[in-house]
Amino acid sequence: MLFDKKIEPKCTYCKIGRPIPYSDEIACIRHGIMSPEDSCRRFSYDPTKRVPEVQAPYSPGEYSEEDFTL
């Protein structure tokens, strides 16, 4: 969930951190260069930085018409 209150703190989702181009690392104003999985006590969640997980594609043969009848 994008707006869940119990989000795992990561520098990737922090308001303070900025992604470094051509790298997986995060530039933090307070701590310098950080790994995307790291976090600190100053973590502040920014939901606009979170990328939702990709859902599995629908395959047409997966369900039959009987699955939708009562």
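Hydrogens, waters and symmetry mates play no part in the numbers below; they use all other heavy atoms, side chains included.
In this structure, CZ in Phe43 is found 14.0 Å from CZ in Arg30, a value given to the nearest 0.5 Å. Between Cys11 atom SG and Lys49 atom NZ the span is 9.5 Å, to the nearest 0.5 Å. The CD1 atom of Ile33 sits 7.5 Å away from the OG atom of Ser23 when rounded to the nearest 0.5 Å. One finds the CZ atom of Arg42 at 11.5 Å from the CD1 atom of Ile29 (value rounded to the nearest 0.5 Å).
By the 6.0 Å contact criterion, CG on Asp24 is open, its count of non-hydrogen atoms from other residues, nucleotides or ligands being 12 or less.
A 4.5 Å side-chain heavy-atom check between Ser39 and Lys10 finds every atom pair outside the cut-off.
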Anything under 3.5 Å between a donor and an acceptor, one on a side chain of residues 12-20, the other on a protein residue two or more places apart or in another chain? List them.
unit_1, atom_1, unit_2, atom_2, d
Thr12, OG1, Pro36, O, 3.0
Arg18, NH1, Lys15, O, 2.8

Might you work through the side chain to side chain contact (heavy atoms under 4.5 Å, CB included) test for Cys40 and His31, ending with a clear yes or no? CA-CA 9 Å; Cys40 67; His31 297 286; 3.6 Å; yes
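In this view, Glu25 satisfies the salt bridge (Lys or Arg N to Asp or Glu O under 4.0 Å) rule with no residue, not counting sequence neighbours.
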